[in-house]
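Take a look at the structure below.
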Amino acid sequence: MALKLLYLLLAVVNLATTVLGAALRVHEPLEKRDDFFPARVPYVLPPPGTDPIADAIRARRDNGTLLALDGVLLNAPLVASTWNSLFEVIRGNTTIPGNMRELAVSAPKYNRQIAYLGPDPQDSNFEQSVVRVHEPVGRSEGLTTEQLRVIRLTPVLKESAEAEKILGPSLSAMMTFTDWSTSTAQIPDHVFAGLKKFFNNQQLVEATATVGGYNFVSRFLLALNVDGKNNVSVPIPN
């Protein structure tokens with residue numbers, strides 16, 4: 001009798017464990033991208049429903065999952081809220097063609113050479129890169145592997161007939177504009193005129209805000225070593 005009760009108890013425990021495990025899996029994010037290695041400030045990650053600013057950021061993120069970047073930003077809630085509003089526009093509410101926007105996000109020399117984020121050992125001014133994060137988005141907007149490799153590997157302000165052939169006229173104009181804006185902040189008239197062939201006035205403002213915005217992101221991530229990625233090299237697209 002005692003043995004039967006023991007078997008019954010074990011069966012109940014196993015059933016409860018299975019049901020609880022299934023319930024927990026339902027609430028797990030579909031994909032966890034960040035490792036949450038230590039940054040230079042602690043991560044602030046309020047539970048869903050407890051912080052309106054964090055919840056607004058979740059609404060913009062895949063699967064409603066806060067990133068390491070968000071956890072750092074939430075140390076300063078008003079900065080986090082304003083950041084979220086700005087990049088919601090830059091990433092999803094401009095009129096720039098998607099492939100040109102994603103090149104502007106990923107192409108700057110200060111952004112291009114590092115993962116999320118770490119220095120390029122060959123770059124004495126080492127800055128950051130969001131290529132690992134944005135490469136899939138670039139592909140979804142039509143950037144090919146060959147084009148992504150050009151964006152990743154072409155030295156800043158290096159003119160190349162082969163690169164221009166692979167990118168085509170509009171992407172080449174966007175990359176030249178991005179490189180100049182990133183490296184010197186002074187855009188020569190002929191570079192601006194090259195981009196103006198493809199953009200109206202609204203798009204020129206949007207493009208400039210996109211390039212400047214993602215250089216801002218890069219410097220922020222590096223200074224605070226978000227997700228502990230300052231020594232991780234960005235992979236080359238393949």
Side-chain angles (χ1 to χ4, degrees), residues 16-94 96 98 101-102 104-106 108 110-112 114-119 126-141 206 209-235:
T17 302
T18 301
V19 171
L20 179 60
L24 290 173
R25 283 192 295 274
V26 169
H27 296 288
E28 288 176 354
L30 297 178
E31 180 180 357
K32 180 176 178 289
R33 194 201 73 202
D34 289 351
D35 301 308
F36 286 97
F37 293 140
R40 287 173 169 165
V41 297
Y43 296 115
V44 177
L45 302 167
T50 64
D51 185 295
I53 294 175
D55 287 344
I57 296 171
R58 281 189 178 92
R60 195 169 69 85
R61 296 303 191 194
D62 291 343
N63 308 318
T65 302
L66 293 177
L67 307 181
L69 169 60
D70 303 324
V72 167
L73 284 166
L74 283 164
N75 282 278
L78 292 180
V79 172
S81 179
T82 304
W83 182 297
N84 188 54
S85 298
L86 173 63
F87 285 97
E88 182 176 22
V89 173
I90 286 178
R91 291 311 309 281
N93 290 286
T94 69
I96 304 171
R101 181 194 67 234
E102 293 307 312
V105 168
S106 299
Y110 292 120
N111 278 10
R112 184 165 58 229
I114 326 168
Y116 180 86
L117 306 163
F126 66 88
E127 293 285 348
Q128 309 236 40
S129 172
V130 284
V131 171
R132 187 185 75 173
V133 179
H134 292 289
E135 180 186 323
V137 182
R139 291 183 187 277
S140 73
E141 293 291 352
E206 292 170 343
T210 300
V211 175
Y214 275 92
N215 276 285
F216 171 34
V217 171
S218 297
R219 286 165 172 78
F220 182 90
L221 289 163
L222 180 62
L224 294 175
N225 194 17
V226 176
D227 208 27
K229 293 295 188 293
N230 276 10
N231 295 301
V232 179
S233 296
V234 69

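For the numbers below, each heavy atom of this structure counts, side chains included, while hydrogens, waters and symmetry mates do not. Just so you know, residue 1 is the first one in the sequence shown, and it goes up from there.
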Flag side-chain contact, heavy atom, 4.5 Å: L74 against I57: yes

How far apart are the closest heavy atoms of [X] and [Y], and which atoms are they?
X	Y	answer
A39	V72	CB-CG2, 4.0 Å
R101	V137	NH2-CG1, 4.4 Å
T65	R61	O-CB, 3.3 Å
V211	A104	CG2-CB, 3.9 Å
P77	I53	O-CD1, 3.5 Å
P48	D55	CA-OD1, 3.7 Å

Any donor-acceptor pair under 3.5 Å from D70 side chain to L67 backbone: yes

Test item: S81 side-chain N/O and L78 main-chain N/O as donor-acceptor pair under 3.5 Å: no

All pairs passing side chain to side chain donor-acceptor pair (under 3.5 Å) where residues 42-52 contributes a residue, at least two apart: none

Pair listing, salt bridge (Lys or Arg N to Asp or Glu O under 4.0 Å) test, anchored in residues 80-94, at least two apart: R91-E102

Selection residues 58-84 - residue pairs positive for ring-ring contact (aromatic ring centres under 6.0 Å, His included), sequence neighbours left out: W83-F87, W83-F216, W83-F220

Reported CD-to-CG distance for the pair E206 and N93, which is rounded to 0.5 angstrom: 9.5 Å

Criterion side chain to side chain contact (heavy atoms under 4.5 Å, CB included) against V41, the qualifying member of L73, N225, N75, V226: N75

